[in-house]
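Inspection log for the structure reproduced underneath, given as C-alpha cells.
These values consider heavy atoms only, across backbone and side chains, with no hydrogens, waters or symmetry-generated copies. Both counts, for ligands and for their atoms, begin at 1 and track the order of listing.
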Amino acid sequence: MERERWTSRMAFVMAAIGSAVGLGNVWRFPFVAYQNGGGAFLIPYLVALFTAGIPLMVLEYGLGKMMQAGAPTAFAKVKDKLEWVGWWAILVGFTIVIYYAVVMAWCWGYLYHSLFLSWKGRAEDFFYKDFLGLSDGPGKLGGLRLPVVVGLVLTWASIVWIVQHGVRRVGRVVMVTVPLPVILLAIFVLRGATLPGAMEGLKFYLTPDFSKLAEPRTWLAAYGQIFFSLSLAFGIMIAYASYLHERADVNNNAFITALANCGTSYFAGFAVFTVLGYMAHVVGKPVAEVVSGGPGLAFITYPTAISLLPTVPAVFGFIFFLTLLSLGIDSAFSLVEAAVTAVHDRWPISRRKATWLLSGIAFLGGLLFTTKGGLYWLDIVDHFANNYGLVGVGLAESLIVGYVLGAERFREHVNTDSEVKLGRWWDFCIKFLTPAILGILMVWSLAREFGSPYSGYPGWALLVGGWGVILLQINLGVALMSRRAFLRASLPASASLVAFAVLLKFLPPMWIMFIVASAVLYGGLAWSLSRARRGYEGM
Ligand code: PHE
C-alpha cells in the first residue's frame with residue numbers, strides 16, 4: 001500500500017512547528033531565560049540551538065524520510081537489534097502525552113473560570129484548593145476531580161478527531177492551531193506594552209548578566225531547554241518526516257522549524273514580562289518577587305495579573321487560556337501521531353483503530369493525574385521523563401546515527417535533496433558534541449538526584465513514579481521488539497539493577513564490598529573457565 005503523504009510542504013513544516021511550539025514556549029522559556037542571565041542567556045541558547053537542536057532535528061527528519069517509517073521501524077532498518085530504541089522514544093513520548101493532556105484539561109477548566117474571573121485575588125488558593133482539591137501528598141489520591149475529567153474528555157476527543165484521519169487532517173488543523181496562538185500572543189504583547197510598568201518587566205527579561213555565562217548550569221539549562229522545546233527524542237519528528245516524499249528537503253525544513261519555534265519562545269517572553277511588569281507596578285513589589293515559571297505562571301501568576309487589568313479582564317483571561325489550548329493541542333496530537341505511526345507501521349492494524357486504542361489507554365492512564373493527589377504524580381513523572389527519558393533517547397539517537405549508520409554517509413544522504421548543504425561541522429556535533437553534552441546533562445541530573453530527593457517527595461513515590469516508570473519504559477520497549485531479548489537481556493539486567501539497589505540500601509558497606517568483590521572475582525573466574533576450550537594437545 002502507498003504511504004500517506006502530506007498535502008504540501010507547508011503542511012509538514014507547520015505540523016512540525018505546531019509540535020515544537022507548546023506550553024513550554026510560554027511557561028518555560030521566559031522563566032529559564034530570566035533565571036540564567038536574562039539577555040545574556042540568548043548566547044548559550046543560540047549556541048545550543050545550532051550545535052545540538054538543529055543537528056538533532058536534521059537527524060530525526062533525515063531518518064524518518066530515509067526509512068519511510070516511524071521510530072521503531074526506522075531504527076530496526078538501521079540494525080534489527082536497535083528497534084527497542086525507537087519504542088523507548090515512543091513510550092517516553094506516550095508517557096508525556098498522558099499528563100500533557102491533563103494540563104490541557106486544566107486549561108479547559110480555566111477557560112470556563114476566566115469568564116467569571118473565579119480566582120480573583122486568591123489565585124493560589126483557587127488553583128490548589130478549589131480547582132485541584134490538592135491532597136496532602138502523593139500517598140493520598142482521594143478520588144477524581146470531575147471538572148478535570150471533563151476537560152480530559154474534551155482534550156482526548158479533539159486528539160482522536162484529528163489523528164484518526166491521518167496526516168492530511170493534521171495538515172489542515174495546524175493551519176489554524178499554529179498561527180492562532182501567535183496572533184493571540186501578539187494581543188498580549190500589544191496590551192502589555194501599553195501598560196505602566198511594562199518597561200520594568202522587560203528590563204528583567206532582557207538585561208544581560210554576563211557573569212552567568214561562567215556557570216556550567218546556565219549552559220546545561222540552555223541545552224535542556226532546546227531539546228525539550230524542539231520536541232526532539234520522542235519519535236515525533238521521525239514520524240512526521242516519514243510522510244515526506246523521498247526526495248523532500250531535510251536541512252532547510254529543520255532550520256525553519258527550529259528558528260520559528262525559538263522565535264516564538266522569545267516573542268512569548270514579551271507577552272509574559274510586560275504583563276508581569278504591570279502587575280509588579282500595581283501591587284508595588286519588585287518584578288523579581290512576582291515572576292514564576294511552569295504551571296505556577298500559567299495558573300496563578302498570569303491569571304492574577306490579568307484580573308488586575310484596567311479593561312475587560314475576563315476577555316483577556318479567556319484569550320489567555322485559549323492561547324494555551326491552541327499552543328498545547330498540536331504538541332499533544334503530535335505525540336499521539338508518533339505512537340500511532342509506530343504501531344501502524346509495525347502491525348496490521350488500521351490507523352483509526354490504533355488511534356482509538358492508544359488514546360483510550362492514555363485517557364485511562366491520565367485519570368491518575370486527575371485525582372486530588374494527581375499534581376504530585378504529574379510533577380514526578382514529568383521530572384523523570386524529561387531528565388532521563390529525553391536525554392537517554394537523544395544520546396542513543398546521536399550515537400546510533402553517528403557511529404552505526406555513519407555520520408558522514410547520513411549527511412551525504414540528507415544533503416542530496418536539501419536546499420542548504422551541511423558541512424563537516426554536523427558530523428562533529430552528532431558524533432562528539434551532542435552525545436557529550438547529553439552525557440554531562442545525565443550525570444549532572446543523577447548526581448543531583450542522589451544528593452537530594454527531587455522536590456522532597458517520599459522515596460517510595462520517586463521509586464514508583466520515577467525510576468519505576470523509566471525501567472518499565474525500557475523493558476516494555478525491548479519486549480515490543482522481541483520477547484526473547486526481553487527475557488534474556490533486559491529483564492535479568494533490570495532485575496539485577498533492582499537487586500543491587502536494594503542491597504545498597506539495606507546492607508552495611510562491609511557486606512556490599514564482600515558481595516561485589518566475590519561476584520567480580522569468582523563470578524569472573526567461573527565465566528572465563530566456562531569459555532575455555534579443552535587443552536592444547538595435538539595443536
Ligand atoms: N515542545 C513542547 C513545548 O515546548 C513540549 C513537547 C515536548 C511537546 C515533547 C511534545 C513533545 O511545550
* So, is the end of the R351 side chain (NZ or CZ) under 6.0 Å from the ring centre of W356 and within 45° of the ring's axis? -> no
* Are R145 and F131 in a cation-pi contact, defined as NZ or CZ under 6.0 Å from the six-membered ring centre and within 45° of the axis? -> no
* To do: Under the side chain to side chain contact (heavy atoms under 4.5 Å, CB included) rule, collect the residues that match up with C262, sequence neighbours excluded.
  => Y45, L49, I226
* Asked: How would you list, by chain and number, every residue that makes a side chain to side chain contact (heavy atoms under 4.5 Å, CB included) with A332, sequence neighbours excluded?
  -> V97, Y100, M104, I159
* Give the protein residues with at least one non-hydrogen atom closer than 4.0 Å to an atom of ligand 1, ordered by chain and number. => S19, A20, G22, L23, G24, N25, Y100, F228, S229, S231, F234, I236, S331, L335
* **side chain to side chain contact (heavy atoms under 4.5 Å, CB included) against A447, all qualifying residues, sequence neighbours excluded** => none
* Is the NZ or CZ atom of R448 both under 6.0 Å from the centre of the six-membered ring of W444 and within 45° of that ring's axis? -> yes
